[in-house]
Protein chains: 2
Amino acid sequence: MTEQAEAFRALADDTRLRILNLLLNTGSELCCCELTDSLEEPQYNVSKHLKILRQAGLIEGGQEGRWVYYSVPKKPDAFRKGLLDSVRSLPETRRLKKDAKNLDRRLSLRHNGKCTLGVLHGQPSGDKNAA
Amino acid sequence: MTEQAEAFRALADDTRLRILNLLLNTGSELCCCELTDSLEEPQYNVSKHLKILRQAGLIEGGQEGRWVYYSVPKKPDAFRKGLLDSVRSLPETRRLKKDAKNLDRRLSLRHNGKCTLGVLHGQPSGDKNAA
DNA sequence: ATAATATATGCGTAATAGCGCATATGTGCA
DNA sequence: TGCACATATGCGCTATTACGCATATATTAT
């Protein structure tokens with residue numbers, strides 16, 4: 001598979017589109033646990049999806065202490081810039097709105113603009129512990 | 001999977017990208033056999049890929065007699081238009097150039113701007129009959 | 001009608017993807 | 001040195017995908 005087809009494949013997944021949606025709609029860099037809580041997905045899944053996106057060159061990740069902050073590339077090549085623009089134009093579904101709302105709440109817990117917590121919600125498989 | 005992720009998935013395949021590349025770079029509509037010969041892939045595969053692209057809303061197909069002509073949608077929605085633009089910006093690999101060359105040759109066999117032939121090459125699995 | 005032909009599709013199989021779970025890795029702090 | 005914690009990864013499983021092959025469908029020509 002060519003590099004370009006791989007990039008498309010990285011986008012062919014709802015969870016990964018949700019991750020990118022959050023990264024694109026916030027100026028900030030987001031760490032794994034913030035994404036995990038926002039998406040209400042298990043941490044190991046979020047981590048795996050982040051890896052796929054990073055390998056496709058669609059996000060970048062930088063470690064800061066125990067945390068790894070992910071963000072959209074500052075200078076993507078033309079092809080990936082086009083792809084990211086396509087993701088930016090995704091229709092705002094209920095799910096994406098909820099993700100954004102979760103993220104807002106989660107970001108308000110930062111201190112000095114940095115995450116100081118881990119995953120808060122119950123690592124839901126079916127949301128047993130959420131309520 | 002959302003409709004948008006499905007569209008990305010449809011693009012996550014080299015053969016399908018090659019098909020779109022040909023459709024985007026020719027003003028003309030192309031029939032299945034012309035694409036088959038240009039790509040040097042088996043007819044049944046091309047047909048299957050065309051189906052996936054059509055279901056994703058990335059191409060349209062219209063029957064004319066025994067032939068089915070495929071083309072890029074005239075009025076795609078904003079999201080798909082962005083995707084098609086991304087495909088348009090694919091780097092010109094050797095493979096894509098060869099496809100285009102094959103297509104040129106194949107198009108020169110049209111009569112009155114319409115295809116009058118079926119698949120010409122040896123339905124290669126490994127190009128046994130090609131030489 | 002029958003044959004010829006352009007395209008589509010069902011089936012079997014091998015490869016791949018995503019999830020859940022458990023656990024490893026690596027960093028900071030006591 | 002050892003513990004706590006954020007993140008990453010290996011494994012087993014199931015579901016999906018792509019391919020090759022054979023054949024079905026549909027349209028034209030004889």
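Below, read A as the first sequence line, B as the second, and so on, with proteins coming before strands; counting in each chain starts at 1.
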Any ion pair linking [Y] and [X] (charged N to carboxylate O, less than 4.0 Å)?
X: A/R54; Y: A/E60; value: no
X: A/K101; Y: A/D104; value: no
X: B/E41; Y: B/K48; value: no
X: A/D77; Y: A/K81; value: no

So what does A/L35 touch, heavy atoms closer than 4.0 Å: a base, only the sugar-phosphate, or nothing? nothing
Within the 4.0 Å heavy-atom criterion, would you say B/C115 contacts the bases, only the backbone, or no part of the nucleic acid? nothing
Can you tell me which nucleotide in [options] comes closest to the side chain of [X]?
X: A/S47; options: D/dT7, C/dG18, D/dA18; value: D/dT7
X: A/Y44; options: C/dT9, D/dT7, C/dG20; value: C/dG20
X: B/P42; options: D/dA8, C/dA8, D/dG20; value: D/dG20

Does a side-chain N or O from [X] land closer than 4.0 Å to OP1 or OP2 of [N], or not?
X: B/R9; N: D/dT16; value: no
X: A/H49; N: C/dC19; value: yes
X: A/K51; N: D/dT9; value: yes
X: A/N45; N: C/dG18; value: no
X: B/Y70; N: C/dA8; value: yes

Let me have a per-nucleotide readout for nucleotides 24-30 of chain C, 5' to 3', with B, S or -, counting only protein heavy atoms under 4.0 Å. --BBS--
Under 3.5 Å, is there a donor on one side chain and an acceptor on the other for A/D14 and B/T2? yes
Does atom NZ (B/K74) have a neighbourhood of more than 12 heavy atoms from anything else shown, all under 6.0 Å? yes
Parallel, tilted or perpendicular: rings of B/F8 and A/F8 (30°, 60°): tilted
Could you pick out which residue, A/T116 or B/D13, lies toward the 5' side of DNA chain D when each is mapped onto its nearest nucleotide? A/T116
Taking for each residue the nucleotide of DNA chain D bearing the nearest heavy atom, is the 5' side occupied by A/K48 or by A/V68? A/V68
Using atom [atom1] of [X] as one end and atom [atom2] of [N] as the other, report the distance to the nearest whole Å.
X: B/W67; N: C/dA8; atom1: CH2; atom2: C1'; value: 16 Å
X: A/K114; N: D/dA6; atom1: NZ; atom2: P; value: 16 Å
X: B/E6; N: C/dA17; atom1: CD; atom2: C1'; value: 14 Å

Base of C/dA8, side chain of B/Q43 - is there a donor-acceptor contact under 3.5 Å? yes
